[in-house]
Number of protein chains: 2
Amino acid sequence: MKTKDKNIKTLDEIKDKYYGKPGTLQREKLESGYENFKVGALLLEARLEKGLTQEELAKKAGTTKSYISKIENNIKEVRISTLQKIIELGLGGHLELSIKL
Amino acid sequence: MKTKDKNIKTLDEIKDKYYGKPGTLQREKLESGYENFKVGALLLEARLEKGLTQEELAKKAGTTKSYISKIENNIKEVRISTLQKIIELGLGGHLELSIKL
DNA sequence: CAACATGTTTCACTTTAGTGCAACCGTTTT
DNA sequence: AAAACGGTTGCACTAAAGTGAAACATGTTG
């Protein structure tokens with residue numbers, strides 16, 4: 001890829017590559033945050049906004065790029081505390097949770 | 001306790017009991033959603049708003065009251081997908097996630 | 001094309017969430 | 001004061017997250 005060039009290498013290009021063109025099922029899921037499918041997309045987007053590679057994020061968060069990859073591709077479920085840790089340490093942000101009834 | 005009397009047996013009374021009077025450290029953490037401490041409080045509040053007992057929630061969500069108790073008391077970490085399941089099946093609501101950078 | 005960067009995948013190993021059940025503790029209720 | 005209700009705690013089991021490291025795919029750059 002090559003996302004180092006100051007963040008914006010267009011998030012949409014990334015989405016196209018990872019989730020298909022707009023209109024496809026996967027892309028719709030990404031956009032609407034369907035089920036836990038959202039988790040990977042959420043982290044991916046946040047990471048790209050920070051202009052970090054998986055490896056950089058992993059190092060800061062105290063984990064490995066392979067694990068980050070698995071989260072972003074929704075291959076592994078993730079604990080809330082783990083996601084929080086990655087976001088806080090790796091991205092300097094924080095996770096917000098809320099229950100809508 | 002006795003929360004069946006049409007939902008509101010004052011949420012604040014519950015908070016007092018579980019997290020101490022306003023001003024204490026635990027209560028502050030609850031109110032401000034500090035770290036993963038928030039997860040238990042979040043579920044507790046949502047459940048009380050629906051006027052359900054742990055057992056009723058557990059049954060709907062397909063789990064046990066002991067597990068619900070452990071989540072509410074932050075004794076066990078919880079996966080995002082698991083929390084989603086409990087909220088959707090048990091409370092008829094949904095979990096919202098967002099990353100603040 | 002060779003070297004490099006980024007991300008994916010596999011394998012193996014340790015820890016822990018998820019689950020069930022049973023016993024227990026305080027409060028209410030009868 | 002015994003039974004019922006709501007919640008907590010303990011133990012044991014198994015499925016999967018969490019972790020590391022290495023190999024691989026692919027695109028990019030010198």
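Proteins come first, then strands; the chains are lettered A, B, ... in the order of their sequence lines, and each starts at number 1.
- In this structure, the CG atom of A:L83 is 9 Å from the P atom of D:dG18, given to the nearest Å.
- Nearest nucleotide to the B:R79 side chain, out of D:dA16, D:dG18, D:dT9: D:dA16.
- One can place NZ of B:K59 at 14 Å from C1' of C:dG20, the figure rounded to the nearest angstrom.
- By the side-chain contact (heavy atoms from CB on, under 4.5 Å) test, B:I75 pairs with B:K70, B:N73, sequence neighbours left out.
- For the pair A:L52 CG and C:dT6 P, the computed distance is 11 Å after rounding to whole Å.
- Put simply, the side chain of A:T53 does not reach to within 4.5 Å of the side chain of A:L57, judged on heavy atoms.
- Taking the charged nitrogens against the carboxylate oxygens, B:E72 and B:R47 do have a contact shorter than 4.0 Å, which makes a salt bridge.
- Put simply, the side chain of B:E96 does not reach to within 4.5 Å of the side chain of A:L97, judged on heavy atoms.
- Not one side-chain nitrogen or oxygen of B:N73 sits closer than 4.0 Å to the OP1 or OP2 atom of D:dG7.
- A:E72 places its CD atom 15 Å from the P atom of D:dG18, with the value rounded to the nearest Å.
- The side chain to side chain donor-acceptor pair (under 3.5 Å) check on A:S66 picks up A:T64, with sequence neighbours excluded.
- Among the protein residues, B:I68 comes within range of no part of the nucleic acid, since none of its heavy atoms lies under 4.0 Å from any strand.
- One distance of note links OG1 of B:T82 with CZ of A:R79; it measures 10.5 Å at 0.5 Å rounding.
- A:T63 meets the side-chain contact (heavy atoms from CB on, under 4.5 Å) test with A:A58, A:A61, A:Y67, A:I68; sequence neighbours excluded.
- Residues from residues 91-101 of chain B lying near DNA chain D, meaning a heavy-atom separation below 4.0 Å, are absent.
- A:E77 places its CD atom 9 Å from the C1' atom of D:dA17, with the value rounded to the nearest Å.
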Distances under 3.5 Å between nitrogen or oxygen atoms of protein and nucleotides 19-23 of chain D:
{"unit_1": "D:dA21", "atom_1": "N6", "unit_2": "A:S66", "atom_2": "OG", "d": "3.2"}

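- Rounded to whole Å, atom P of D:dT9 lies 17 Å from atom CD of B:E55.
- A straight line from CD1 of B:I71 to P of D:dT8 spans 12 Å, rounded to a whole angstrom.
- Nucleotide D:dG18 holds its C1' atom 14 Å from the CD1 atom of A:I75, rounded to whole Å.
- In this model, the phosphate group of D:dG7 is approached by a side-chain N or O of B:R47 to a distance below 4.0 Å at OP1 or OP2.
- B:L91 places a side-chain heavy atom less than 4.5 Å from the side chain of B:L43.
- Side-chain contact check for A:H94 versus A:Q84: every heavy-atom pair is 4.5 Å or farther apart.
- Nearest nucleotide to the B:S69 side chain, out of C:dG7, C:dT8, D:dT9: D:dT9.
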